[in-house]
Amino acid sequence: MTNHTDSSLLSSRACVRGLATLTLILSALGAARAQERPWTVSASQAVRYDSNVFRAERGTPTDSDVASITSLDGRLRAQLGRQQAYLGAGVSAHRYRDNDQLDFTGNTLETGVNWATVERLSGTLRYAQNRGLAVYGTAGAPQINDRILERTQLGEATVRFGITSRSALLGSVAHRRVDYSEAAYQDREYRQNVASLGYQYGVERALTLGVGARHTRDHTPRYDEPTPGSFVANRGTRRDVDFTLLWQPSGLSTVSARISATRQRYTQATEADFSGATGSLRWEYRPTGRLSLSTQLERDTGAEARFADFSGTDPELSVESRRLVNSAQLEARYELTGKTRLNARVRHARTKLSDGTGTTGHDNTNIYGLGIEYNPTRTVLLGCEAGQENRSTASPLSYAYRATTAQCLVRLTLD
């Protein structure tokens, strides 16, 4: 343990020295900047405190720790005629002061092409992936204090065929995949294939309505292990009829909504079978020049919530992929000055629980955050945020916990 701690400390110091050197180089390049470049590079150093790293049950001993996070990110953009290509990648070194068995190097990747033809066809191709520490405390997951890495991948393609200036046919296909580094989480690994076809009508930057059908095939290859080395897979099928809306009543307000008639069935995890309504509602509103608000309501399974707007980022809240979740979130951003901003957020999630024997229940998770950001120059960002995460339940299928977090960072960006 001591040798590992010493090596982690040396590695952290090396990362800090490298970051300082990179900062000087980027500052020098930034001073010579003559025009906008087709690339962006950023380097950051953060320190994060967590009062309950492993999300231990309330009333039991908890492990608090401080982690150093050193990150380097880059993004490239290219215009190729009517096509737009992009590539973004990042790497981050996470080093813990006490729980050094959790030390890891994470990475993110997002790349894609937005394409269009001279006539009516356009679309996108995109791939995104993230490798990071799994979120501890998921209801039903084993409670262990070892490092568990989660790798999430998404590949998708969309196509739009314009019928008239106001109407279009839409199609998409996607492949999703979640894997874990430890066998204890093997029953939570899954793959999904999704296909959809729809029709859209409306006026851009005003009101657009849509209707479509979506089909999802789900596969958990190691759902159960009745005998060592012998696995039983869980396969699922989901069908949705989607109704969508995009409304921009003014330049200060945008409303997007989806309501779906959903039917979900599984071969093994039949307790997660579901028929009913799912959907989401998001409202982006800027009532004044300094204040912006974002409100979101969502009712869907953990997998749909995980991959909605997925771009390679770590999940804030982990929910078993098949479980139904009702959530509400409010984010506020206020410009104190031209260089200083306040951020606040609150999120509530209510998750349905069941174990396949007829026992059901719910748990409720609340997440709060308050932060401040300061830009002393155009390329430098300083920020701090404090937050709290609470879960409560009366069900034996879950447990209550509380965690307090705090993080400060400095980031240098050159574009």
Side-chain angles (χ1 to χ4, degrees), residues 46-69 92 94 96-99 102 104 106 130 132-150 152 185 188 294-302 305-306 308-310 313-321 323-333 342-353 361-372 383-395 397-409:
V47 177
R48 177 181 173 83
Y49 167 78
D50 195 321
S51 68
N52 188 0
V53 175
F54 300 106
R55 300 300 183 261
E57 186 173 0
R58 188 176 298 183
T60 64
T62 60
D63 286 287
S64 63
D65 210 340
V66 176
S68 168
I69 307 170
S92 57
H94 299 245
Y96 288 79
R97 183 187 62 187
D98 300 322
N99 295 278
L102 299 181
F104 73 98
N130 171 270
L133 198 66
V135 177
Y136 293 91
T138 304
Q143 298 181 46
I144 56 179
N145 295 356
D146 293 326
R147 179 179 61 190
I148 302 173
L149 297 179
E150 178 188 77
T152 306
Y185 272 52
R188 297 177 175 272
S294 177
T295 305
Q296 182 171 349
L297 305 176
E298 188 171 26
R299 172 182 169 85
D300 220 317
T301 59
R306 177 72 175 95
D309 303 322
F310 177 71
T313 56
D314 291 320
E316 179 182 57
L317 178 67
S318 180
V319 178
E320 203 275 330
S321 64
R323 303 303 182 198
L324 189 67
V325 185
N326 297 301
S327 65
Q329 179 172 291
L330 173 64
E331 295 181 346
R333 185 181 180 94
L342 288 177
N343 304 307
R345 60 193 178 95
V346 58
R347 180 178 183 181
H348 171 77
R350 180 176 174 84
T351 305
K352 181 181 178 181
L353 306 170
H362 295 85
D363 63 23
N364 299 283
T365 304
N366 296 310
I367 300 175
Y368 311 94
L370 180 63
I372 185 170
C384 286
E385 183 184 63
Q388 189 170 87
E389 182 178 333
N390 298 310
R391 187 167 74 194
S392 60
T393 184
S395 171
L397 303 178
S398 183
Y399 63 91
Y401 69 78
R402 174 178 294 173
T404 300
T405 61
Q407 177 171 298
C408 288
L409 67 82

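FYI, the numbering just counts along the sequence from 1.
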Identify, with sequence neighbours excluded, every residue that meets side chain to side chain donor-acceptor pair (under 3.5 Å) alongside R48.
none
Which of these, N145, D146, D65, sits in a side chain to side chain donor-acceptor pair (under 3.5 Å) with N99?
D65
Taking the side chain as every heavy atom from C-beta outward, state whether [X] and [Y] have any atom pair closer than 4.5 Å.
X    : Y    : answer
V47  : V66  : yes
D50  : R55  : yes
T60  : Y401 : no
L149 : L133 : yes

I'd like to check the salt bridge (Lys or Arg N to Asp or Glu O under 4.0 Å) partners of E385; sequence neighbours left out, ordered by chain and number.
R345
For R402, check salt bridge (Lys or Arg N to Asp or Glu O under 4.0 Å) against everything at least two apart and list the hits.
none
Can the positive tip of R391 be found less than 6.0 Å from the middle of the six-membered ring of Y399, inside 45° of the ring normal?
yes
Relative to the ring of F54, is the ring of Y136 parallel (under 30°), tilted (30 to 60°) or perpendicular (over 60°)?
perpendicular
Say you draw a straight line from CG of N364 to OG1 of T351; how long is it, rounded to the nearest 0.5 Å?
8.0 Å
Here the gap from L330 atom CG to R347 atom CZ, rounded to the nearest 0.5 Å, amounts to 13.0 Å
For the backbone of H362 and the side chain of T393, can you confirm whether one donor and one acceptor N or O come within less than 3.5 Å of each other?
yes
Heavy-atom pair of closest approach, residues T404 and S51:
N-OG, 2.7 Å
Decide side-chain contact (heavy atoms from CB on, under 4.5 Å) for L353 and D363; before the verdict, give the C-alpha distance in whole Å, the side-chain angles of both, and the deciding distance to 0.1 Å.
CA-CA 8 Å; L353 306 170; D363 63 23; 4.0 Å; yes
Derivation and outcome, side-chain contact (heavy atoms from CB on, under 4.5 Å), residues E298 and V325
CA-CA 8 Å; E298 188 171 26; V325 185; over 6 Å; no
Give the C-alpha distance, both sets of side-chain angles, the deciding distance and a yes or no for side-chain contact (heavy atoms from CB on, under 4.5 Å) between N390 and T365.
CA-CA 6 Å; N390 298 310; T365 304; over 6 Å; no
